[in-house]
Number of protein chains: 2
Amino acid sequence: MANLKQLAQSLGLSITTVSRALDGYDDVSAATRKRVREAAEKVGYRPNASARRLRKQRAELVAVTLPSDPGHIGPPHFLDMLSSCAEHLASAGLNLVIAPVPRGESELDICRRFVDGQRVDAMLLVRTRRKDERVEFLQSRGIPFVTNGRTESLVPHPYIDGDGFAGFHAATVRFQVAGHRRIGHVAGPQEYYFAHVRRTGWKAAMDEAGLNADLCAEGAPTEQGGYLAALELLRQPSRPTALVCSTDEMAIGALRALREIDGGNAISIVGHDDLPTGAFTSPSLSTMRMTGENLGASFASLLLRAIAGEPAEELQELHAIEFIDRDSHRRPMKAA
Amino acid sequence: MANLKQLAQSLGLSITTVSRALDGYDDVSAATRKRVREAAEKVGYRPNASARRLRKQRAELVAVTLPSDPGHIGPPHFLDMLSSCAEHLASAGLNLVIAPVPRGESELDICRRFVDGQRVDAMLLVRTRRKDERVEFLQSRGIPFVTNGRTESLVPHPYIDGDGFAGFHAATVRFQVAGHRRIGHVAGPQEYYFAHVRRTGWKAAMDEAGLNADLCAEGAPTEQGGYLAALELLRQPSRPTALVCSTDEMAIGALRALREIDGGNAISIVGHDDLPTGAFTSPSLSTMRMTGENLGASFASLLLRAIAGEPAEELQELHAIEFIDRDSHRRPMKAA
DNA sequence: AGGATTTGCCAAAACGTTTTGGGAGTCAAG
DNA sequence: CTTGACTCCCAAAACGTTTTGGCAAATCCT
């Protein structure tokens with residue numbers, strides 16, 4: 001309730017001195033500083049946020065855009081991640097606002113609103129596209145941002161991403177080593193960077209092994225999308241014996257397709273994301289996930305460093321992918 | 001980039017007129033209004049948020065506190081709910097900031113920081129306790145808020161809640177009707193309102209049927225908590241034949257306990273929340289959930305109406321509970 | 001003692017809006 | 001011609017901070 005003016009008046013000091021005392025400047029005597037701080041503590045004074053923001057020309061806010069498409073929010077522990085990110089930002093005086101995209105508006109509109117109204121000091125972007133207009137816009141405005149996922153932008157920007165290429169390459173090679181030759185890929189929408197790079201990893205492994213990389217079907221990054229794409233692959237004349245799926249959600253859909261087609265026992269499958277549900281499917285879903293703990297803290301750190309002006313090249317994290325082996329990736333193979 | 005002053009200058013008008021033209025006051029001529037609006041559009045002018053907030057004495061922000069305890073975030077589609085809430089708030093010019101509770105600080109500290117710094121116009125509280133200090137604080141400060149879950153506060157406050165009593169009462173009666181007599185309850189921490197009221201519903205149904213309500217074990221609202229509590233009940237001399245669990249997470253833990261004890265086939269079980277994973281457990285988990293669609297929109301609406309000053313009594317929503325029947329609630333009963 | 005430096009404080013400006021309280025000019029009625 | 005009403009615009013104040021630039025008084029040096 002109290003403001004600086006009242007506090008100053010009650011102490012018989014000027015606004016300036018009280019402000020500087022609270023901020024710990026040393027051009028106010030130790031005695032006064034102590035006196036001011038005690039008084040502030042007693043009345044529970046906290047500076048008015050809007051006033052400080054206006055004066056300091058900083059919004060003390062970071063926005064994260066939440067896509068509202070189906071299959072929208074990728075990672076499983078996304079809210080935990082946001083929460084942790086918000087927590088770390090908070091200790092630097094920044095708050096995290098969530099900015100969902102209303103239907104009829106583009107994510108770009110949202111960015112524009114936040115940036116041009118000077119509502120935020122930085123932005124956090126998730127679910128990047130290969131060619132991402134949000135990235136281009138923010139770069140043109142020179143406002144700091146970090147993405148979850150890379151893009152094909154020519155000018156580098158800060159990001160955190162999993163090494164989808166290596167992960168899907170390795171997963172495919174594992175199947176090859178296990179004797180599979182017809183390995184299919186249930187792909188996500190190729191406009192998304194993550195989906196594209198995962199497909200590329202699968203394809204490279206097939207090419208290197210001299211195998212046919214034509215068993216690939218694309219679908220929405222949802223259970224239903226995975227179901228339909230898997231069905232398409234299973235209807236091929238020479239059916240795949242193993243399926244590498246772009247996401248766990250899609251993999252769960254693929255499991256449903258398998259159940260319908262052949263009881264689901266003959267075809268091996270692997271997903272990506274380590275969705276909690278995967279532990280409960282039957283067969284339980286083998287999967288992969290990005291390594292690294294407390295991603296939220298990493299995002300917060302990158303954001304703060306981006307705001308501080310560190311160059312983008314130093315703010316890029318590419319994390320290795322690790323396997324979570326359960327049952328679905330090693331089904332008994334039918335003789336060829 | 002542009003501000004009102006520059007815009008006014010370029011138009012040869014005063015700041016006042018430009019401001020009022022943009023706000024649609026009718027004391028500026030239609031012609032000028034049009035001219036101003038077009039110019040504003042062209043340069044992409046957006047009022048500086050901090051300045052407007054300072055002047056209007058409104059933060060244009062709503063905070064939601066995120067508890068970071070284990071078993072923290074209750075509902076399954078919580079992020080979807082927040083996202084939808086944020087979207088609806090946004091169309092009223094409010095943004096939603098997420099306020100996780102750092103370790104070492106209480107949720108009350110967080111509320112205090114946001115309220116006393118005048119950072120928010122309202123707050124959204126989740127996971128209420130029977131006696132909730134956050135509620136008391138916000139009431140004493142007179143700042144609008146809505147809770148997800150009731151409390152035992154003597155002075156009424158806006159909330160949205162499921163009718164846990166009726167739901168758990170009905171679930172228990174269903175078991176009774178199916179012939180069960182030893183119906184246990186896997187309870188969440190009784191300091192939480194939801195956990196308390198659910199237990200009360202179970203107990204009332206047992207009492208009314210003249211059955212012994214002593215098969216009750218309490219645990220953390222997590223998979224592990226449910227596992228331990230169920231184990232405790234299963235070790236009783238007269239073991240329950242059915243289990244009503246406070247949450248799906250706990251129910252899943254209880255399923256694990258059942259599997260360890262007797263293969264999990266003899267005991268019926270029901271949870272609450274409709275966790276997506278429940279569809280994949282074995283047996284698949286029967287559960288309940290609060291009815292009502294687009295809760296996010298409801299929260300947003302209550303928040304806006306609370307800010308507008310509507311009395312708390314008119315801002316309370318108690319939603320019925322509906323059953324989602326899968327397999328776990330009707331296991332073949334052993335003969336008694 | 002006289003100048004230079006340091007210490008402790010403060011008045012005023014600035015951040016960019018919105019709102020208050022008019023003030024010219026026009027027009028119609030008396 | 002005066003009066004009143006109406007239209008369209010504006011100067012200035014206010015919101016509560018932080019920061020700039022400076023001013024007395026006290027302290028230090030020779």
Side-chain angles (χ1 to χ4, degrees), chain A residues 1-37 39-40 43-61 93-95 113-121, chain B residues 1-37 39-40 43-61 93-95 113-121:
Chain A
M1 269 311 86
N3 61 22
L4 219 39
K5 191 157 159 188
Q6 293 163 14
L7 189 56
Q9 224 146 31
S10 81
L11 283 166
L13 288 170
S14 75
I15 292 181
T16 307
T17 302
V18 175
S19 172
R20 313 211 100 215
L22 291 173
D23 271 8
Y25 283 75
D26 56 4
D27 64 354
V28 2
S29 75
T32 329
R33 198 155 54 215
K34 180 148 174 288
R35 193 162 67 96
V36 169
R37 284 186 163 161
V43 304
Y45 168 80
R46 290 196 188 272
N48 177 293
S50 302
R52 193 197 23 243
R53 288 165 177 170
L54 173 59
R55 173 62 231 225
K56 300 197 97 163
Q57 293 291 80
R58 309 207 287 94
E60 299 179 352
L61 247 36
L94 296 179
N95 286 122
R113 196 201 316 291
F114 275 95
V115 169
D116 289 345
Q118 292 163 68
R119 292 168 184 279
V120 293
D121 298 321
Chain B
M1 267 311 85
N3 60 22
L4 219 39
K5 191 154 155 191
Q6 294 163 16
L7 188 56
Q9 227 147 28
S10 82
L11 283 165
L13 288 170
S14 76
I15 291 181
T16 307
T17 302
V18 175
S19 172
R20 312 211 99 213
L22 291 174
D23 272 8
Y25 284 75
D26 57 4
D27 65 352
V28 4
S29 74
T32 327
R33 199 156 53 214
K34 181 150 175 284
R35 193 163 67 97
V36 168
R37 284 186 163 162
V43 304
Y45 167 79
R46 288 195 190 273
N48 177 293
S50 303
R52 194 199 20 246
R53 288 166 177 169
L54 173 59
R55 173 61 229 226
K56 301 197 95 162
Q57 292 292 79
R58 310 210 283 97
E60 299 179 351
L61 249 34
L94 296 178
N95 286 122
R113 197 201 317 290
F114 274 96
V115 170
D116 288 344
Q118 292 163 68
R119 294 167 182 280
V120 293
D121 298 320

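Chain A is the first sequence line, chain B the second, and so forth, proteins listed ahead of strands; every chain is numbered from 1.
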| note | Expected list for residues 45-59 of chain A near DNA chain C, using heavy atoms below 4.0 Å, is A/Leu54, A/Arg55, A/Gln57
| Can you tell if the side chain of B/Arg33 reaches within under 4.5 Å of the side chain of B/Asp26, non-hydrogen atoms only? | yes
| field | Minimum heavy-atom distance between B/Val36 and B/Leu13, given as atom pair plus value | value | CG2-CD1, 3.6 Å
| field | B/Leu11 CG to B/Arg35 CZ distance, which is reported to the nearest 0.5 Å | value | 5.0 Å
| query | Got a sec, which residues hit side-chain contact (heavy atoms from CB on, under 4.5 Å) with B/Lys5, two or more places apart in sequence or on another chain? | reply | B/Asn3, B/Ile15
| request: Tell me which residues in residues 15-25 of chain A put a heavy atom below 4.0 Å from DNA chain D, sorted by number, or none. | output: A/Ile15, A/Thr16, A/Ser19, A/Arg20, A/Tyr25
| task | Could you check B/Leu13 against A/Lys5 and say which one's nearest nucleotide on DNA chain D is further toward the 5' end? | result | B/Leu13
| What is the 5' to 3' range of DNA chain D, first to last nucleotide, that sits under 4.0 Å from any heavy atom of chain B? | D/dC8 to D/dG16
| request: Could you list the residues that satisfy side chain to side chain donor-acceptor pair (under 3.5 Å) with A/Arg113, not counting sequence neighbours? | output: A/Glu105
| field | Between the first and last five pairs of the helix from C/dA1-D/dT30 to C/dG30-D/dC1, the angle of the axes, rounded to 10 degrees | value | 50°
| field | Residue whose nearest DNA chain C nucleotide is more 5′ - B/Asp27 or A/Val28 | value | A/Val28
Enumerate, atom names and distances included, each donor-acceptor pair closer than 3.5 Å involving a side-chain atom of residues 48-56 of chain B, sequence neighbours excluded.
{"residue": "B/Asn48", "atom": "OD1", "partner": "B/Ser50", "partner atom": "N", "Å": "2.9"}
{"residue": "B/Asn48", "atom": "OD1", "partner": "B/Ala51", "partner atom": "N", "Å": "2.9"}
{"residue": "B/Asn48", "atom": "ND2", "partner": "A/Gln118", "partner atom": "OE1", "Å": "3.2"}
{"residue": "B/Arg52", "atom": "NE", "partner": "B/Glu60", "partner atom": "OE2", "Å": "2.7"}
{"residue": "B/Arg52", "atom": "NH2", "partner": "B/Glu60", "partner atom": "OE1", "Å": "3.4"}
{"residue": "B/Arg52", "atom": "NH2", "partner": "B/Glu60", "partner atom": "OE2", "Å": "3.4"}
{"residue": "B/Arg53", "atom": "NE", "partner": "B/Ala59", "partner atom": "O", "Å": "3.0"}
{"residue": "B/Arg53", "atom": "NE", "partner": "B/Glu60", "partner atom": "OE1", "Å": "3.4"}

Using atom types as modelled, flag every donor-acceptor pair under 3.5 Å from a side chain in residues 16-23 of chain B to any protein atom, sequence neighbours excluded.
{"residue": "B/Thr17", "atom": "OG1", "partner": "B/Ser14", "partner atom": "OG", "Å": "3.0"}
{"residue": "B/Arg20", "atom": "NH1", "partner": "B/Asp27", "partner atom": "OD1", "Å": "3.3"}
{"residue": "B/Arg20", "atom": "NH1", "partner": "B/Asp27", "partner atom": "OD2", "Å": "2.6"}

